[in-house]
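Naming convention: chains lettered A, B, ... in sequence-line order (proteins, then strands); numbering from 1 in each chain.
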Protein chains: 2
Amino acid sequence: MVHDDLQPSPPAASDERPSDPRAGAFQGVREAHRNELAEDYVELIAELIHARGEARPVDIAAKMGVTPPSVAKTLDRLARDGLITRARYRSVFLTDAGRALAEECQRRHDIVLRFLLRLGLDAETAEHDAEGIEHHVSERTLALFAAFADRS
Amino acid sequence: MVHDDLQPSPPAASDERPSDPRAGAFQGVREAHRNELAEDYVELIAELIHARGEARPVDIAAKMGVTPPSVAKTLDRLARDGLITRARYRSVFLTDAGRALAEECQRRHDIVLRFLLRLGLDAETAEHDAEGIEHHVSERTLALFAAFADRS
DNA sequence: GACGATTATTAGCCTTGTCTAATATTTGGC
DNA sequence: GCCAAATATTAGACAAGGCTAATAATCGTC
Ligand SMILES: [Mn+2]
Ligand SMILES: [Mn+2]
Ligand SMILES: [Mn+2]
Ligand SMILES: [Mn+2]
């Protein structure tokens, strides 16, 4: 027996837990939530820079509905992750990676929003729901949303 | 000057931050995320009880894709919040409140899922996206989803 | 250019939600 | 009924993300 493996192990599957099919969906949601705050921040920062020429913590705090210290801590994480650059007491800038992410998020946000409006939702509810839904829409779903939003 | 108020304060608004209109959307998303895990758990517990007669931590862990200790800690919070009852080393039961929440979540999950399928999405992606989207769908949006899913 | 108001940061606290390692309990097979 | 395997719990670590209070820096105005 040259290489009698003896493991009746399930068909490989590197290092996951038993992984009920359902588990994959929940893991995907947790993954989305890990990226969510960064996505909303870079998107907002891009908008502030576009609208006012700069993104200041005080404005980020007002738009996000959190306190300035919460913004400071989050910005530190974004800088650590290479999405922004910042100097003490100065406004915030996007790195190339941050700008790329922001554009991707803006595109996705826009599609989801237009989709909800097209479905017949009022503007305020559409914006409210889009802010959460956008992070849980696969590329495949996004394509269907876009097609529906743009249908004649 | 009997009662010269001197506060040019904004039109009341109890105790919120300056609250850009946008901030409300983000606050709503944060609120949804605070309820999310409880919702997924009670929904899953209800399903396990229906399918197998009981909800055991080991099965919850497999379906959620997390470790048993994570389940244990979450179940403690659910018990603290009055959604389940449990005895050590025994399976888990829903309270009336937990059962009510589970039914509400099942209804919502089902509508979102049927909507995505109706839109043309494959089953696996639909289930994946629905697991996240369901927590960010207002009652108003849900009604539109249901109408679309059930349209002739 | 000094000074008060605004803005930013720091320090420190708290909860949630994940994990691993160790321990306790239950259960099924003999 | 015993014992090993399966299951559950506990202990403890850690990161994220929110907060308040205190401090530091900047800015606008005179
Ligand atoms: Mn968002
Ligand atoms: Mn879910
Ligand atoms: Mn669900
Ligand atoms: Mn979410």
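- H50(B) meets the ring-ring contact (aromatic ring centres under 6.0 Å, His included) test with no other residue; sequence neighbours excluded.
- In this model, the phosphate group of dG17(D) is approached by a side-chain N or O of R77(A) to a distance below 4.0 Å at OP1 or OP2.
- Hydrophobic cluster membership of L113(A), counting Ile, Leu, Val, Met, Phe, Trp and Tyr whose side-chain heavy atoms lie under 4.5 Å apart directly or via other members: L117(A).
- Remark: Y89(B) engages no residue in a ring-ring contact (aromatic ring centres under 6.0 Å, His included) (not counting sequence neighbours).
- Annotation: side chain to side chain contact (heavy atoms under 4.5 Å, CB included) contacts of L94(A) (sequence neighbours excluded): V42(A), I45(A), A46(A), I84(A), R99(A), A102(A).
- In this structure, M64(A) places its CE atom 16 Å from P of dA8(C), rounding to the nearest Å.
- Here the two rings, on H136(B) and H33(B), have centers that are under 6.0 Å apart.
- Put simply, S70(A) has no side-chain N or O that comes within less than 4.0 Å of OP1 or OP2 on dG17(D).
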Seminar exercise, completed: Readout for nucleotides 1-14 of chain D: B = base within 4.0 Å of protein heavy atom, S = sugar-phosphate only, - = neither; 5' to 3' it is ------SSBB-BB-

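- For D81(B), the salt bridge (charged side-chain N to carboxylate O under 4.0 Å, His left out) criterion is met by no residue, not counting sequence neighbours.
- The shortest distance between the side-chain N/O atoms of T74(B) and the OP1/OP2 oxygens of dG17(C) is not below 4.0 Å.
- Note: CG (L83(A)) to P (dA16(D)) measures 13 Å, nearest angstrom.
- Contacts of R88(B) classified as side chain to side chain contact (heavy atoms under 4.5 Å, CB included), with partners at least two apart in sequence or in another chain: none.
- In the region residues 34-54 of chain B, proximity to DNA chain D at under 4.0 angstrom, judged on heavy atoms, holds for none of the residues.
- Applying the side chain to side chain contact (heavy atoms under 4.5 Å, CB included) criterion to S91(B), with sequence neighbours excluded, gives E54(B), R56(B), F93(B).
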